[in-house]
Protein chains: 2
Amino acid sequence: MDIQVVIADSNHIVRCGLTAILSNFPDIRIVGEAVNEEKLKELVFNFSPRVVLIDFLAPGFSVDTVQELKRISENLRVVAITTEQSGVTIVNALKAGVDSYIKKDCDIHEIVDSVQETGKGSKFFCGQILEAIRRESIDPDEINGLEINCEPVSLSRRELEVIKLIAEGNTNNQIAEKLYLSAHTVNTHRKNIMQKLGVNNTASIVMYAVKSQLVSPNKFLFSPVNSAAG
Amino acid sequence: MDIQVVIADSNHIVRCGLTAILSNFPDIRIVGEAVNEEKLKELVFNFSPRVVLIDFLAPGFSVDTVQELKRISENLRVVAITTEQSGVTIVNALKAGVDSYIKKDCDIHEIVDSVQETGKGSKFFCGQILEAIRRESIDPDEINGLEINCEPVSLSRRELEVIKLIAEGNTNNQIAEKLYLSAHTVNTHRKNIMQKLGVNNTASIVMYAVKSQLVSPNKFLFSPVNSAAG
DNA sequence: TTGTTATTTAGAAGTAGTTTAAATTAATAT
DNA sequence: ATATTAATTTAAACTACTTCTAAATAACAA
């Protein structure tokens, strides 16, 4: 029986290349190509493919796309194909529901194998990803086993205020002053925010603030002042 | 003598509105409108207006735009007009070379005054901005007096590596492991990075990483895992 | 009324980030 | 060859963040 595959990447050349490579194999059938998340969700909803081969880091997609696809189609399996392989990227992809992960510069056989194996229900990782997984001590089965809370993050008004101020570089004491609170309170908000976001450091809070457009990096200027001035 | 003004905002309605308001005054002459940074730089280069009235937070612009305009035209004076007024935003705008600052929902008289006063060489702040300046204890004259280092930030290869890992949420110890260094070394890199960027906390390093596209927020997933799992 | 969530405050222990100081290596210019 | 600078490395002291535990008030819904 054929493995029905949808290819998702913003780049036309990449989509053509992947389609050309995979079309050579009789057990693989490309049922569609998507340039962005919206089109991809339509395709998955309408055709219920077995496998989506996606570069979730390409413009127009994100790791959240994977999570949403899995909600749309119960039996869908996802192969991620990207140009980078940092530990965080892999971990987040697995959390979001990626089953298999390969790199764009991996061996062509690995691309084909990943789709075939994933279609059969196995996981597949190319050599470079396997190396990264070992180096970073990532356990894909453990992460896949985690139950992700599918409800969207629900932050209170106060928490959103605190997130913005954190992202703008304020300390707990500075936030406390601006919000007329005790530093203890701000600390509690910070703790609750991290819990709701599933993270455990300031860097991730800032990343969340930018990703969810609570702050724009465009308003930050990065130029050292000459200390001679004054 | 006329004050030659260029209006810069991505929004057509806003540009029309500002042009309509300012055109009523005989001492003000609108010499052009710009939808994005590129067009704005062209206009400033070709027409050397006295004043640019800009929403540097609108899509297609950023606080850096102001800095670049000041380099293009020596006598140019800049009036910022935005919808927000957080302390960091104002401070960064002033650092970048903004002379006057008003809000989009301020009094119409204040819009006109800001352009006229700025054209004459004064500074002007609308009521809401003045309130923010007082609340945050900002001294516009002091910030304007600072000599900004105009040379672009120059980070070493090692520093860029460290920035990426910081933005991904790694601690100094984790970075040390990944880069085969002592935590002390990573600490020094962090210090030098902050110095070069003109900042003093992790949040700002993350903001820089995103702004300069060293990392994409799209690869970060924010969903708490159900602690029941395992 | 009861139960839930948001908001507020507090103390303490442990971890991580920030500042300051200093030395070594590598690259470059004079 | 030597002086100068930038990059990289190590160290210690201090400040801020993170985790944990505990509790009180307010707003709101069942």
Side-chain angles (χ1 to χ4, degrees), chain A residues 87-88 149 151-209 214 220 222-228, chain B residues 88 149 151-209 214-215 222 224-227 230:
Chain A
V88 205
N149 195 335
E151 285 156 42
V153 172
S154 148
L155 295 154
S156 71
R157 206 171 304 164
R158 204 53 154 172
E159 286 165 347
L160 288 171
E161 281 185 284
V162 173
I163 289 177
K164 276 190 205 172
L165 290 168
I166 290 173
E168 289 178 351
N170 293 284
T171 66
N172 282 347
N173 280 312
Q174 290 170 326
I175 296 170
E177 274 184 29
K178 292 182 184 180
L179 261 30
Y180 306 105
L181 297 173
S182 89
H184 290 292
T185 308
V186 179
N187 191 26
T188 301
H189 284 308
R190 194 187 271 264
K191 181 200 64 181
N192 292 334
I193 288 164
M194 290 195 287
Q195 193 173 21
K196 287 188 180 179
L197 260 34
V199 304
N200 68 338
N201 52 49
T202 301
S204 300
I205 297 177
V206 176
M207 198 58 78
Y208 175 81
L214 259 32
F220 296 91
F222 297 99
S223 306
V225 290
N226 293 332
S227 53
Chain B
V88 205
N149 195 335
E151 286 156 41
V153 172
S154 148
L155 295 154
S156 72
R157 207 171 303 164
R158 202 57 152 172
E159 286 164 348
L160 288 171
E161 282 185 284
V162 173
I163 290 178
K164 276 190 206 172
L165 291 169
I166 290 173
E168 289 178 352
N170 292 284
T171 65
N172 282 347
N173 281 313
Q174 290 170 325
I175 296 171
E177 274 184 30
K178 290 181 184 177
L179 261 30
Y180 305 106
L181 298 173
S182 91
H184 292 294
T185 306
V186 178
N187 190 27
T188 301
H189 284 308
R190 192 187 272 263
K191 180 202 65 179
N192 292 333
I193 289 163
M194 289 194 289
Q195 194 173 22
K196 287 188 180 179
L197 259 34
V199 303
N200 68 338
N201 52 49
T202 300
S204 301
I205 298 176
V206 176
M207 199 58 81
Y208 175 81
L214 260 31
V215 298
F222 297 97
V225 290
N226 293 332
S227 53

**Q** Whole angstroms only, please: what is the CG-C1' distance between A:Asn170 and D:dT15?
**A**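 Taking atom C1' of D:dT15 as the reference, CG of A:Asn170 is at 16 Å.
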
**Q** Just how far, in rounded Å, is P of D:dT8 from CD of B:Gln195?
**A**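 In whole Å, D:dT8 P lies 15 Å from B:Gln195 CD.
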
**Q** With a 4.0 Å cutoff (strictly under), does any side-chain N or O of B:Ser156 reach OP1 or OP2 of D:dA6?
**A**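 Checking B:Ser156 against D:dA6: no side-chain N or O falls below 4.0 Å of OP1 or OP2.
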
**Q** OP1, OP2 of D:dA7 versus side-chain N and O of B:His189: anything below 4.0 Å?
**A**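 The answer is no; no side-chain N or O of B:His189 sits under 4.0 Å from OP1 or OP2.
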
**Q** Tell me whether the side-chain N/O atoms of B:Ser182 come closer than 4.0 Å to OP1 or OP2 in D:dT10.
**A**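 Yes, such a contact exists.
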
**Q** Cut-off 3.5 Å, side chains only: do B:Ser182 and B:Thr185 have a donor facing an acceptor?
**A**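 There is such a pair between these side chains.
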
**Q** Would you mind telling me which of B:Leu197, B:Leu214, B:Asn192 makes a side chain to side chain contact (heavy atoms under 4.5 Å, CB included) with B:Leu155?
**A**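 Running side chain to side chain contact (heavy atoms under 4.5 Å, CB included) over B:Leu197, B:Leu214, B:Asn192 with B:Leu155 returns exactly one hit, B:Leu197.
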
**Q** If you assign each of A:Arg157 and B:Ile205 to its closest nucleotide in DNA chain C, which residue comes earlier from the 5' end?
**A**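 First, find each residue's nearest nucleotide; the 5'-ward one identifies A:Arg157.
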
**Q** In whole angstrom, give the distance that lies between atom CD of A:Glu159 and atom P of C:dT8.
**A**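 Rounding to the nearest Å, CD of A:Glu159 and P of C:dT8 are 10 Å apart.
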
**Q** Anything under 3.5 Å between a protein N or O and an N or O of nucleotides 19-27 of chain C, put it in a table, one pair a line.
**A**
{"from": "C:dT19", "atom 1": "O4", "to": "B:Asn187", "atom 2": "ND2", "distance (Å)": "2.7"}

**Q** Nearest whole Å is fine: how far is C:dG17 P from B:Ile193 CD1?
**A**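 Between P of C:dG17 and CD1 of B:Ile193: 12 Å.
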
**Q** Please check this pair: side chain of B:Gln174 against backbone of B:Thr171, looking for a donor-acceptor N/O pair closer than 3.5 Å.
**A**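 Yes; at least one donor-acceptor contact below 3.5 Å.
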
**Q** Strictly below 4.0 Å: does B:Asn172 bring a side-chain N or O up to OP1 or OP2 of C:dA16?
**A**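 For B:Asn172, the contact criterion (side-chain N or O under 4.0 Å from OP1 or OP2 of C:dA16) is not met.
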
**Q** Rounding to an integer number of Å, can you tell me how far A:Leu160 CG sits from C:dA6 P?
**A**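 About 11 Å, once rounded to whole Å.
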
**Q** Distance check needed: D:dA6 C1' versus B:Leu155 CG, whole Å only.
**A**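 Answer to the nearest Å: 13 Å.
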
**Q** At their closest point, which heavy atom of A:Val206 faces which heavy atom of A:Ala167, and how far apart are they?
**A**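 Shortest heavy-atom contact: CG2-CA, 4.0 Å.
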
**Q** For D:dT15 and A:Thr171 - does any side-chain N or O of the residue sit under 4.0 Å from the phosphate oxygens OP1/OP2?
**A**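 No, outside the criterion.
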
**Q** Is the shortest side-chain N/O distance from B:Arg190 to OP1 or OP2 of C:dG17 below 4.0 Å?
**A**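 Yes, B:Arg190 has a side-chain N/O under 4.0 Å of OP1/OP2 on C:dG17.
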
**Q** Rounding to an integer number of Å, can you tell me how far B:His184 NE2 sits from C:dT18 P?
**A**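 Interatomic distance, NE2 of B:His184 to P of C:dT18: 17 Å.
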
**Q** Within the side chain of B:Asn172, is there an N or O that forms a donor-acceptor pair under 3.5 Å with the backbone of B:Val186?
**A**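 Side chain of B:Asn172 to backbone of B:Val186, a donor-acceptor pair under 3.5 Å: no, none is there.
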
**Q** For the OG1 atom of B:Thr202 and the CZ atom of B:Arg190, what is their distance to the nearest 0.5 Å?
**A**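 Rounded to the nearest 0.5 Å, the OG1-CZ separation comes to 4.0 Å.
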
**Q** With a 6.0 Å cut-off (strictly less than), is the heavy-atom count around NZ of A:Lys164, excluding the residue itself, greater than 12?
**A**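 Counting other residues, nucleotides and ligands, NZ of A:Lys164 stays at 12 neighbours or fewer.
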
**Q** Over all strands shown, is A:Thr185 touching base, sugar-phosphate only, or nothing at heavy-atom distances under 4.0 angstrom?
**A**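 Touches a base.
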
**Q** Check the distance between D:dA11's C1' and B:Asn192's CG and give it to me in whole angstrom.
**A**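 After rounding, the reported distance stands at 15 Å.
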
